[in-house]
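The sequence lines fix the lettering, A, B, ..., with proteins before strands; numbering per chain opens at 1.
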2 protein chains.
Amino acid sequence: MKGEIVDSKVQAGSFVGRNREDVRQFNLSIVLRMLHFAGTVSRSQLTSASGLNRSTISGLVNELEDLGLVTESMGESSSGAGRPSLMVSAAEDVVAFSVNPDVDATTVGVVTLGGHVITKRRFQTRLQPTAQEAAQIAGRLINELRDELAPNTKIAGVGAAVPGQVRLADGVVRLAPHLNWVEQPFGAMIGQLTGLPVFLDNDASLGCMAERNFGVGRGFDDVVYLFSGSGGIGGGAIVNGQQLRGASGYAGELGHVRISDSTSSDYSGLPGTLESLVRRDDLLEVFKLDSATDEELENEILAVRDARSSQAGKMLSLQVEALALGLASFVNIFNPEVVIVAGFLGAVFDYEQHRFLEVLKANSLAASNERVIVRRSGLGSDLLMIGAAELPFRSLLARPSEFEFVRAKARR
Amino acid sequence: MKGEIVDSKVQAGSFVGRNREDVRQFNLSIVLRMLHFAGTVSRSQLTSASGLNRSTISGLVNELEDLGLVTESMGESSSGAGRPSLMVSAAEDVVAFSVNPDVDATTVGVVTLGGHVITKRRFQTRLQPTAQEAAQIAGRLINELRDELAPNTKIAGVGAAVPGQVRLADGVVRLAPHLNWVEQPFGAMIGQLTGLPVFLDNDASLGCMAERNFGVGRGFDDVVYLFSGSGGIGGGAIVNGQQLRGASGYAGELGHVRISDSTSSDYSGLPGTLESLVRRDDLLEVFKLDSATDEELENEILAVRDARSSQAGKMLSLQVEALALGLASFVNIFNPEVVIVAGFLGAVFDYEQHRFLEVLKANSLAASNERVIVRRSGLGSDLLMIGAAELPFRSLLARPSEFEFVRAKARR
DNA sequence: CACTTATGTTGCCGTAGACAACAAAGCCCT
DNA sequence: AGGGCTTTGTTGTCTACGGCAACATAAGTG
């Protein structure tokens, strides 16, 4: 049996060997991944980036073209002498569906292999949906959008970004506190309604990956990501170029890291954590707002900065400090190249950038903080769509020629 | 140029292709790694664990034998019917030197590819050595031990476990607080004195890897490790089966993670951190000791537990709580399968295991803490020797047939 | 309009893993 | 003791795929 572990001592790591077939799949994957991340790359660029031979790249691209994953075109060229290189692009008729259930709405998107969000449909709900309700909404939207796709469009699957803890082993939502979901097989529900393969992961973790692959974290192999939504603070990290997932998939809960002796609890009941000290609700309260988009909240925050309102200013200063203290710990732990703040945390960071960076510096080791960059999230509202779509695409990218697509129905 | 990144958009991850040669090296590496971790494995076990064909394993083992990395023998067999399988072992005449400079002594060891520490030599110093002094001690010991090796013994190189921050890019010790080293090219110094390739890394990080590969963390892909020496608390982590290193190599500074508003500082001047609250010196003080080995300290601690001495007991309870709070954060961040405590932390953990686990549970998310195991370190004093030797072995294991050994001098 | 340069294409080669057939070496049962 | 049975090592053949070199192609260059 392939990969069976016989001796209990031979456990650390994987000891599965490789063969020719693996090489082929890997090289196909390399090429397709470059196209996935960059959209369009010339064949000569593929050659020099991969280190493979021209003829090998030619063969790989041809196979990917036969698989319908890639299109070739004569680039309008120009750059320098020599025969112009053919431009290779990720096929635009390979798509994945993204799903993002949240307290006030469930959103479904269609994302191409080239990384473009071509449709996004949001279905508002008055109350937080149950898993069944959210799955039904998602299933309906997916089936609608699917019928609108060009005939024969290749569908890689469905990825869902869930604001909660997703168990890696079986894709069940173990706990989504503010949706009030416990042990909900959300993925299986959507799978049943759509007949598509469904993948789940935590929203912040996917946001992190999206920023790293397509946003302000592009090109970095060590990233810390902090994201605040309506339901508290989530986090994610890229370690050695790989998503931090943990043994069961629950890793990256950076909002629940303790930074203070304060007894105020966060949404999961833990005291003194980052999430307990940097609360969106606290800001809404000082601004006397019932609800607000992140943009509205940011405008309020920046107004305070200019006006120096004492009440709100004090709250914001506390949050700046708490955020910086938390990130200081993460800098010590991960020694990242870049720290990305998303959601209203970006506005909090901008409120007092200078002091923020001072506190961060004073509470982390010089070696680790001296080169770290703090950035605000760049992908905006498409973030989770792109992140979630990475899940089905990831399994396509792993073994391109063995992947089995589902086709969009031909339009009637 | 192989692996050159052409397009700035094609940055995330590596896009280097593979060829036949890579497959061969990888499979050789697979086999050798199994032997490295397990010492001796039968050929049939190699076959089933790797998923490769019998004949392929045969060829790989033969090549490794020709390279002198492996020995084959008729196992005394027994298990079941069928022709008995040949036993393959890591060659015992392939060794690496380990170096561990510390405040009171510099230790050098000889470790075989099979993971055995065959010699260990400790040179005590009255004061903390400068980097030059420590390098000279290490160089002398290495050259001595080298002359004592059997002629033609193959030397993979030198690995050093340094109690401080080691810059990944050039192997320079950026800061070792309690050795008082700043920007010391410790590796290059030893290299000059011995003519051997030298690799450096942080001691706790190497301890973590050693426990994971050979100790109580064996078989786990997500490990958190906390180690306390005379110079404070260091940490390490295994994420996805890989060592956590960070962008510059400074990751894993788990002792400097903030858990409290306390203003007491740690050895790096950061307030409220785990290291500032769990101090060996504080324990020595309440026990009225000038110095003590970890064993002596543990005996004192266990005596207190039985006698319920109030003064020391209070201190220990505080430390138990702080340690548990810190680990709770790490559990939330990493969702590890196992947490390993080493040094006197093991004794602190054992002092009040029950309360420790309660605090840990109360301050971490249920999803992440429900399956986590806390273990005491198992490798004892050989820990750092084994960990440091992994560094040169790692580069041998990466491309076995291309590695260039240095030979031990023939004995005169 | 030749010359240079860079790239795509094609055919050939070498190699390493898979596979199958056979040999070898131990159990197990009568 | 000896003949299955079972598992493993060995050997020769096959195949697929990346490297390579020669040639074709399509620009730029003077």
Next item on the list: Answer with yes or no whether the side chains of A/Ser205 and A/Gln243 bring together a donor and an acceptor at under 3.5 Å.
Entry: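 Present: a donor and an acceptor within the cut-off.
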
Report the distance from atom [atom1] of [X] to atom [atom2] of [N], rounded to the nearest whole Å.
X: A/Arg20; N: D/dG19; atom1: CZ; atom2: P; value: 14 Å
X: A/Glu65; N: C/dG8; atom1: CD; atom2: P; value: 13 Å
X: A/Asn53; N: C/dG11; atom1: CG; atom2: C1'; value: 13 Å
X: B/Ile30; N: C/dA16; atom1: CD1; atom2: P; value: 17 Å
X: B/Ile57; N: C/dC19; atom1: CD1; atom2: C1'; value: 15 Å
X: A/Asn19; N: D/dT15; atom1: CG; atom2: P; value: 17 Å
X: B/Arg18; N: D/dG19; atom1: CZ; atom2: C1'; value: 18 Å
X: A/Leu52; N: C/dT7; atom1: CG; atom2: P; value: 15 Å

Please check the phosphate of [N] (OP1 and OP2 only) for any side-chain N or O of [X] closer than 4.0 Å.
X: B/Ser58; N: D/dT10; result: yes
X: B/Asn27; N: C/dA16; result: no
X: A/Ser85; N: C/dG8; result: yes

Check: In the 5'-to-3' direction, what one-character label does each nucleotide of nucleotides 1-7 of chain D receive under the scheme B = base within less than 4.0 Å of a protein heavy atom, S = sugar-phosphate only, - = no such atom?
Finding: -----BB

Next item on the list: Between A/Arg54 and A/Glu21, name the one whose nearest nucleotide on DNA chain D is closer to the 5' end.
Entry: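 Mapping each residue to its closest nucleotide by heavy atoms, the 5'-most match is A/Glu21.
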
Note to self: Are B/Phe214 and B/His116 an aromatic pair, judged by ring center distance below 6.0 Å?
What the structure shows: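 Aromatic pair excluded; centres sit 6.0 Å or further apart.
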
Check: [X] side chain, [Y] main-chain N or O, donor-acceptor pair, under 3.5 Å:
X: A/Glu211; Y: A/Leu379; result: yes
X: A/Glu65; Y: A/Val70; result: no
X: B/Arg218; Y: B/Phe37; result: yes

Notebook entry, point to check: Can you find a donor-acceptor pair, distance only, under 3.5 Å between A/Thr56 side chain and D/dC17 base?
Noted result: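 Side chain to base: no pair present.
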
Next item on the list: Quick one: do A/Asp22 and A/Arg399 satisfy salt bridge (Lys or Arg N to Asp or Glu O under 4.0 Å)? Show the steps, please.
Entry: CA-CA 9 Å; A/Asp22 296 330; A/Arg399 315 217 102 213; 2.8 Å; yes

Next item on the list: Check every strand shown and say whether B/Arg24 touches a base, only sugar-phosphate, or nothing at a heavy-atom separation below 4.0 Å.
Entry: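 Result for B/Arg24 = sugar-phosphate.
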
Item checked: Given C/dA18, C/dT7, D/dG19, the nucleotide with the shortest approach to the side chain of B/Ser55 ->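 When the side chain of B/Ser55 is considered, C/dA18 is the closest of C/dA18, C/dT7, D/dG19.
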
Item checked: A/Asp222 and B/Arg245 ion-paired at < 4.0 Å ->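 Salt bridge: no.
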
